[in-house]
Amino acid sequence: MCIEESQMDWWGCKHLRFLGFSLNSLTCKCLALVVIALALRAALFPTFSGFGSIEQSDLLVIHNLSFSLNSEFGVRRFKFLEVPQIVWGLNNQKIAFARACLTARMLNRTLLMPSLSASLFYKEIDLLQPIPFDKVFQFERFNSLCNGFIQLSRYSDIVNRTDVLELQKGSGRKWTVERDLDQLRQFGNDPYDGYETIRVVGKNPFLWHDHWPVKDYAKVFECLVLVDEISKEADRVVSKIREIGREMRSKIGSSQDGVVSGTALLQPVPYVAVHMRIEKDWMIHCKKLEQRSKVSEICSSKEEIMERVGNIVGLETPMVVYLAVADTLLEDNSILNGWKEGLVPFEKKKLGVVGIYKKHPYLIQSAIDYEVCSRADVFVGNSFSTFSSLIVLERTQKIISMGGSRPCAMDVRWPSYAYNILGESKGPRLWMTNMSDSNLRAISYGSNDISC
Ligand SMILES: Nc1nc2c(ncn2[C@@H]2O[C@H](COP(=O)(O)OP(=O)(O)OP(=O)(O)O)[C@@H](O)[C@H]2O)c(=O)[nH]1
Ligand SMILES: [Mg+2]
């Protein structure tokens with residue numbers, strides 16, 4: 001149906017007249033409508049075909065659908081997803097946060113900036129200490145790096161605080177991956193889709209089902225940049241480690257050839273970081289895990305860690321070995337004894353940086369240690385730790401982005417190893433993340449399948 005010119009401004013017709021065509025007003029309006037209809041159909045066609053394929057309950061198809069929805073329309077700026085406070089250790093929190101982001105993306109919504117927890121959940125259950133996301137990670141930076149993929153919003157952006165729909169996440173054996181997906185699919189459609197805010201109620205997002213490939217998680221992690229205050233603390237610790245390494249080398253250099261060349265001293269001195277996961281609660285848990293899963297390569301004693309790190313081929317000595325350990329172990333001097341000659345161990349206390357860490361709650365301490373480990377020239381961790389696993393994921397991305405074509409090669413720059421798995425020459429096994437894995441399960445719950 002065409003509308004009278006007096007009722008509406010038909011810019012198309014005006015342009016046609018301008019170009020010298022003389023069409024009567026009614027024909028012109030009808031033509032304009034046909035053109036608009038054709039343009040709309042062409043624009044929407046790929047999305048409609050996406051809807052067609054959703055009939056198959058195939059994770060990949062659903063996933064592709066979420067991509068096509070986003071690429072057509074972008075994340076909707078004024079439709080929100082709200083999630084519960086995120087709990088547990090830093091790296092479990094990062095996974096939970098990424099899961100909340102990817103859920104928002106699937107629903108084509110903006111994620112309301114969640115609260116993280118500053119303390120360890122299992123230690124201080126009554127003192128969860130909520131801490132806003134932007135006290136740890138840069139909010140604006142996250143949005144600019146993740147632009148077009150995921151967006152975060154503040155609660156002040158909500159227009160109608162009562163226009164909220166609750167989405168109850170299920171739990172237990174009956175709550176399968178398929179049921180979870182069905183629910184998400186449902187909440188992406190009318191009438192649910194019309195609500196301004198969808199509020200997820202249920203347990204920690206870390207426990208939600210995982211529907212996304214490792215690459216999607218990695219993309220979210222790439223957008224997480226620490227606030228300056230925390231990254232500066234990590235800079236201070238890394239500088240201290242390199243300074244000590246330089247002193248050690250210059251002593252050796254001067255006793256060997258008289259003077260060490262100026263340029264050699266200006267190079268950043270390499271260091272090894274070892275995440276020693278040997279605290280009592282973990283050792284008890286990992287023994288049980290080994291019995292239950294009938295896998296023997298989960299727990300490593302401190303002696304085994306020292307021996308395997310000592311057998312890494314090609315480490316130049318003297319070399320500082322930074323030990324990332326639980327604070328309770330700092331009283332246990334035995335972790336500093338028994339290292340191979342030339343590998344000089346330091347933890348926070350011996351390094352003189354306890355003060356830097358002690359100013360901050362657990363979450364931030366862990367974030368500083370994470371940075372120190374991920375920037376190390378060599379990293380050795382436990383493949384049954386989320387902390388270690390996410391460091392290796394970041395290092396793998398770094399190797400790939402720098403053009404490392406054979407990341408599992410013995411001479412790779414930025415190598416990572418898992419000390420709980422025996423590798424070459426009785427050393428730890430080289431470790432990199434399989435970036436084409438279809439989900440994050442292996443990383444989030446631990447695995448002895450480490451790609452190399
Ligand atoms: N279990 C335990 N770990 C601690 C403690 N203090 C520091 N840690 C170390 O912190 C690491 C965990 O760091 P987080 O960043 O909190 O990581 P997470 O998300 O809990 O991941 P996991 O490594 O799987 O525990 C552990 O692997 C420990 O080495 C402690 O009191 N208990
Ligand atoms: Mg933990």
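Just so you know, ligand 1 is whichever comes first in the structure, and atom 1 is the first atom listed for that ligand.
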Side chain, backbone, both or neither: which part of Trp282 comes within less than 4.0 Å of ligand 1 when only heavy atoms are counted? neither

Would you say the SG of Cys101 sits less than 2.5 Å from the SG of Cys146? no

Just to be sure I read this right, does ligand 1 sit under 4.0 Å from the backbone of Trp88, its side chain, both, or neither, counting only heavy atoms? neither

Within the 4.5 Å heavy-atom criterion, are Arg413 and Met402 side-chain neighbours or not? no

Side chain to side chain donor-acceptor pair (under 3.5 Å) against Ser389, all qualifying residues, sequence neighbours excluded: none

Proximity winner for atom 28 (C) of ligand 1, if only heavy atoms of Glu279, His285, Met276 are counted: Glu279

Tyr370 touching ligand 1 at heavy-atom level, < 4.0 angstrom: no

Short list, please: which atoms of ligand 1 are under 4.0 Å from a heavy atom of His275? 11 (C), 26 (C), 27 (O), 28 (C), 29 (O)

Are any of the N/O atoms in Arg277 less than 3.5 Å from those in ligand 1? yes

For ligand 1 and Asp327, I'd like to know whether there is a polar contact (N/O to N/O, distance under 3.5 Å). no

Show the atoms of ligand 1 that are less than 4.0 angstrom away from any heavy atom in Asn92. 18 (P), 19 (O), 20 (O), 21 (O)

Rounded to the nearest 0.5 Å, how far does CG of Leu363 lie from CD of Gln129? 9.5 Å

Could you tell me which atoms of ligand 1, counted from 1 in the order shown, lie closer than 4.0 angstrom to a heavy atom of Gly89? 16 (O), 18 (P), 19 (O), 20 (O)

Tell me every residue that passes side chain to side chain donor-acceptor pair (under 3.5 Å) with Asn382, counting only those two or more places apart in sequence or in another chain. none

Phe97-Phe133 aromatic ring centre distance below 6.0 Å: yes

Numbered atoms and elements of ligand 1 in range of Asp281, under 4.0 angstrom, heavy atoms: 1 (N), 2 (C), 32 (N)

Take the angle between the ring planes of Phe80 and Phe78 and call it parallel below 30°, perpendicular above 60°, tilted in between. perpendicular

Could you report the tightest heavy-atom contact between Val325 and Asp369, atom names first, then the distance? N-OD2, 4.4 Å

Check this for me - ligand 1, Phe387, N or O atoms closer than 3.5 angstrom, yes or no? yes

With a cut-off of 4.0 Å, which atoms of ligand 1 are near a heavy atom of Ser366? 13 (O), 14 (P), 15 (O), 16 (O)

